[in-house]
Q: 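Below is one structure. I have some questions about it.
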Amino acid sequence: QVQLIESGGGLVQAGGSLRLSCGASGRSYSSYAMGWFRQAPGKEREFVAAINWSGDNTAYADFVKGRFTISRDNAKNTMYLQMNSLKPEDTAVYYCNRAASHFSETRDVGNGYWGQGTQVTVSS
């Protein structure tokens with residue numbers, strides 16, 4: 001049984017920062033790519049960032065490049081999303097995802113397991 005639990009969301013003013021965490025249960029966490037997605041009200045879920053199984057390759061959506069940083073600590077079974085220079089349009093529920101296949105790369109996220117999400121609200 002795989003469980004993904006997000007934390008770190010909240011209310012922040014535009015220009016501020018937040019760090020999201022995704023804790024994962026289950027064995028072999030370190031052999032899977034992980035990713036962050038988000039869904040704003042009335043919109044479809046969209047890709048934000050991903051990190052491959054070994055942590056040496058990352059991918060970002062264009063709208064977060066230079067502002068967000070994804071990382072992972074395999075010893076703690078945890079993935080992070082450092083979000084800086086937040087904008088009101090970043091307001092959404094942020095979801096953690098674990099890829100379905102072993103030794104997966106950033107392109108493999110979006111399937112597999114999902115967390116329940118954490119709300120991020122950026123006020124103007």
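From a predicted model like this one, the values you see are computed outputs, not experimental measurements.
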Q: Indicate yes or no: at least one non-hydrogen side-chain atom of Y32 is less than 4.5 angstrom from one of N52.
A: no
Q: Heavy atoms, side chains only, cut-off 4.5 Å: are M83 and V120 in contact?
A: yes
Q: Just so I know, are the side chains of W53 and D108 near enough to count as touching, which here means a heavy-atom distance under 4.5 Å?
A: no
Q: Using a distance-only test with no angle check, is there a side-chain donor-acceptor pair under 3.5 angstrom linking S17 and N84?
A: yes
Q: Find out whether I51 and M79 are in side-chain contact, i.e. whether some heavy atom of one side chain is under 4.5 Å from a heavy atom of the other.
A: yes
Q: Which heavy atom in S31 sits nearest to a heavy atom in H102, and how many Å separate them?
A: OG-ND1, 3.0 Å
Q: Give me each pair satisfying salt bridge (charged side-chain N to carboxylate O under 4.0 Å, His left out) with a member in residues 73-85, each pair once, sequence neighbours excluded.
A: none
Q: I need the full list of salt bridge (charged side-chain N to carboxylate O under 4.0 Å, His left out) pairs touching residues 53-63, with sequence neighbours left out, sorted by first then second residue.
A: D62-K65
Q: Show your working on side-chain contact (heavy atoms from CB on, under 4.5 Å) between L11 and Q119 and close with a plain yes or no.
A: CA-CA 8 Å; L11 174 63; Q119 176 70 48; over 6 Å; no
Q: For atom CD of E46, is the number of surrounding heavy atoms from other residues, nucleotides or ligands below 6.0 Å larger than 12?
A: yes
Q: Going by heavy atoms in the side chains, are V48 and F68 under 4.5 Å from each other?
A: yes
Q: Do Y94 and R38 have side-chain atoms, one donor and one acceptor, less than 3.5 Å apart?
A: yes
Q: Would you indicate whether the side-chain heavy atoms of M34 and C22 approach each other to under 4.5 Å?
A: yes
Q: From L81 CG over to L18 CG, what is the distance, rounded to the nearest 0.5 angstrom?
A: 9.5 Å
Q: Cation-pi between R45 and Y95: NZ/CZ under 6.0 Å from ring centre and within 45° of the ring axis?
A: yes
Q: Would you name the heavy atoms of A40 and A92 that are closest together and state the gap between them?
A: N-CB, 3.8 Å
Q: Determine whether W36 and V109 make a side-chain contact, defined as any pair of heavy atoms from C-beta on separated by less than 4.5 Å.
A: no
Q: Below 4.5 Å, heavy atoms only, C-beta onward: do W114 and L4 meet side chain to side chain?
A: no
Q: Over 60° means perpendicular and under 30° means parallel, so tell me whether F47 and F37 are parallel, tilted or perpendicular.
A: perpendicular
Q: Check whether NZ of the Lys or CZ of the Arg R98 lies under 6.0 Å from the centre of the six-membered ring of Y113 and within 45 degrees of that ring's axis.
A: no
Q: Apply side-chain contact (heavy atoms from CB on, under 4.5 Å) to residues L20 and T118 and explain how you reach the verdict.
A: CA-CA 8 Å; L20 305 184; T118 185; 4.0 Å; yes
